[in-house]
Structures are given as C-alpha cells and as structure tokens.
Student: 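Would you mind keeping the following structure in view while I ask a few things?
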Amino acid sequence: MSDIASLWNELEELLATIAPTVLPTLNPPATDCDLDLLESKTGLILPQDFRQSLKIHNGQSDPSRLELLTEHGILLSCEEIAEAWRMLCEILDEVNQTADGSNWWNKSYLPIADHEGDYLCIDLAPARYGSIHLHVHDSTIERDITAWLSNARDVFRDRRFGDSQGFIDFWSFDTTT
C-alpha cells in the first residue's frame with residue numbers, strides 16, 4: 001500500500017472515531033478522466049502523490065463549510081481546483097494590467113483547499129515542484145503533499161482541535177493543555 005493510501009486509511013479510521021461528521025464529507029475517488037481534464041485545463045502536471053490522493057478522495061462536499069478536514073479549508077475536487085485556478089489567473093492578469101505588475105498569484109500554484117478565498121496550493125514550478133504554499137498575502141508553508149496529509153492525520157490523532165457547537169474548530173485548540 002502506498003504512503004498516501006496508508007495515510008488516508010489512518011485518517012479515515014481517526015475521523016470515524018474522533019470526528020465522524022467529517023468523514024461523510026469526503027468525496028468518492030476522482031477518475032483518470034477527471035485528473036487528465038484537470039491537467040488539460042491548467043496546463044500543469046500533477047505530482048503522482050497528489051494524483052493518488054485525488055484517486056482516493058476527490059475533495060470534500062460540505063455546503064456548511066464547517067466539517068473541515070484541515071484548518072486550511074475545504075478540500076477541492078478536480079473541477080473546483082480547475083475553476084479556482086482559472087479565476088485566480090484571470091484576476092492576476094487583470095491586476096497586472098492595472099497595477100505595478102506585482103504577482104500576488106503564481107500560475108504554477110494549484111489550489112487544493114479553499115478557506116473563504118485563501119487557498120492552500122501545491123507549487124508545480126520545476127524548482128519548487130510539489131511544495132505546499134498557503135496563498136494568504138504571500139504566506140508560505142513549505143511541505144509536500146505527503147507531509148501535509150501526515151500533519152492532517154496527526155492533528156486528529158493528537159486531538160489538536162476543538163468542538164465548537166458541533167463542528168470542528170481548529171482555531172480554538174490550546175496547545176498548552
């Protein structure tokens with residue numbers, strides 16, 4: 001079993017026990033066609049570990065946006081990734097035409113989770129291929145998808161989250177207790 005499949009298995013077992021309301025929000029697997037279409041729409045080649053992850057769960061479906069798997073937002077499906085990437089690239093093109101040309105968005109970023117317009121992204125530029133970045137005013141998280149998914153599993157395993165009125169609350173967790 002691959003590292004990604006093992007991580008998802010562990011995470012699903014933890015969710016079933018600790019955060020059972022999150023588990024049903026995980027989508028069924030993406031198809032090869034979904035993945036190929038995503039690459040075609042963006043012109044970006046997905047890292048194999050991310051392809052594996054999407055072939056296990058193609059994002060999340062949670063209209064309430066309260067049953068988060070990660071503090072970085074709702075996991076996006078292939079279709080949502082392509083749409084978010086297109087939108088952000090269009091905004092970048094508009095900003096570059098009207099402003100000083102500073103790039104607040106990088107077209108090599110592929111958004112994988114959305115938190116109210118802040119995006120967790122995989123950087124697919126050759127020099128940084130596979131690293132994870134948080135697109136919030138140029139903040140950065142330097143990880144790859146395996147390390148990021150491991151961290152998500154560890155948050156649940158170590159119970160580093162709260163329950164706020166019936167939904168997962170990552171922000172109220174107190175690390176001193």
Side-chain angles (χ1 to χ4, degrees), residues 2-5 7-8 11 22 25-153 155 168 170:
S2 72
D3 288 342
I4 295 296
L7 285 168
W8 270 117
L11 190 50
V22 175
T25 70
L26 298 174
N27 290 338
T31 65
D32 287 328
C33 183
D34 294 331
L35 296 165
D36 293 344
L37 187 57
L38 173 57
E39 288 181 334
S40 174
K41 286 182 175 182
T42 62
L44 300 169
I45 304 300
L46 303 177
Q48 285 305 309
D49 53 0
F50 186 55
R51 282 182 77 91
Q52 280 183 288
S53 183
L54 287 169
K55 287 181 94 167
I56 296 169
H57 291 294
N58 187 15
Q60 279 182 278
S61 294
D62 177 25
S64 74
R65 300 182 70 81
L66 298 174
E67 303 300 338
L68 303 176
L69 177 70
T70 171
E71 70 270 24
H72 301 112
I74 295 291
L75 295 180
L76 300 174
S77 68
C78 291
E79 184 177 331
E80 292 165 328
I81 290 169
E83 178 56 26
W85 181 86
R86 183 200 58 76
M87 176 200 62
L88 290 164
C89 289
E90 284 181 4
I91 293 170
L92 173 65
D93 291 343
E94 289 175 19
V95 167
N96 283 341
Q97 291 174 12
T98 60
D100 63 3
S102 62
N103 287 336
W104 64 272
W105 172 252
N106 186 323
K107 289 183 179 184
S108 71
Y109 287 179
L110 193 68
I112 63 171
D114 175 16
H115 188 268
E116 306 305 322
D118 296 332
Y119 293 93
L120 187 69
C121 304
I122 297 177
D123 191 346
L124 300 179
R128 301 175 305 275
Y129 191 77
S131 63
I132 301 289
H133 296 272
L134 185 58
H135 177 68
V136 183
H137 305 104
D138 299 324
S139 296
T140 301
I141 298 173
E142 293 291 339
R143 297 184 181 146
D144 62 21
I145 191 71
T146 303
W148 177 79
L149 192 55
S150 294
N151 182 67
R153 177 210 50 211
V155 165
I168 300 296
F170 296 99

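Since we're looking at a predicted model, the values are computed, not measured.
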Student: Any idea which heavy atoms bring Arg128 and Ser108 closest together, and the distance?
Tutor: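 Taking Arg128 first and Ser108 second, the nearest heavy atoms are NH2-OG, 3.9 Å.
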Student: Can Leu134 and Leu120 be said to form a side-chain contact (heavy atoms from CB on, under 4.5 Å), step by step?
Tutor: CA-CA 5 Å; Leu134 185 58; Leu120 187 69; 4.2 Å; yes
Student: Using every non-hydrogen atom in the two residues, find where Leu124 and Ile45 come nearest and quote the distance to one decimal.
Tutor: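 Scanning both residues completely, I find the closest heavy atoms to be CD1-O, 3.7 Å.
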Student: Side chains of Ser61 and Asn27: is there a donor and an acceptor less than 3.5 Å apart?
Tutor: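 Present: a donor and an acceptor within the cut-off.
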Student: Should the pair Trp105 and Tyr119 be assigned to parallel (<30°), tilted (30 to 60°) or perpendicular (>60°) ring geometry?
Tutor: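 The rings of Trp105 and Tyr119 stand perpendicular, inter-plane angle above 60°.
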Student: Answer yes when Lys55 and Asp34 have at least one side-chain N-carboxylate O distance shorter than 4.0 Å, and no when they do not.
Tutor: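 No, Lys55 and Asp34 are not salt-bridged.
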Student: Taking all heavy atoms of Lys107 and all of Trp85, pick out the closest pair and write down the distance.
Tutor: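 Taking Lys107 first and Trp85 second, the nearest heavy atoms are O-NE1, 3.0 Å.
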Student: Does some side-chain heavy atom of Leu44 sit less than 4.5 Å from a side-chain heavy atom of Ile122?
Tutor: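 Answer no - side chains too far apart.
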Student: Under the side-chain contact (heavy atoms from CB on, under 4.5 Å) criterion, do Ile4 and Thr146 qualify, and how do the steps go?
Tutor: CA-CA 7 Å; Ile4 295 296; Thr146 303; 3.6 Å; yes
Student: Salt bridge check, Arg51 against Asp36: does any charged N sit closer than 4.0 Å to a carboxylate O?
Tutor: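 Yes.
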Student: Is there a donor-acceptor contact under 3.5 Å from the side chain of Asp62 to the main chain of Leu68?
Tutor: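 Not a single qualifying donor-acceptor pair exists.
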Student: Can you tell me if Glu39 has over 12 outside heavy atoms packed within less than 6.0 Å of its CD?
Tutor: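 Counting neighbours around CD of Glu39, more than 12 heavy atoms of other residues, nucleotides or ligands fall under 6.0 Å, so yes.
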Student: Can you check whether Leu75's main-chain N or O pairs, donor with acceptor, with Gln60's side chain at less than 3.5 Å?
Tutor: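 Present.
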Student: Return the minimal non-hydrogen interatomic distance between Cys121 and Pro111, and the atom names on each side.
Tutor: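 Nearest pair, atom of Cys121 first, then Pro111: SG-CA, 3.8 Å.
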Student: Is the shortest side-chain heavy-atom distance between Leu37 and Cys78 below 4.5 Å?
Tutor: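 Sidechains of Cys78 and Leu37: no contact.
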Student: For the residue pair Leu46 and Tyr129, what are the closest heavy atoms and their distance?
Tutor: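 Smallest interatomic distance, heavy atoms only, reads C-OH, 3.2 Å.
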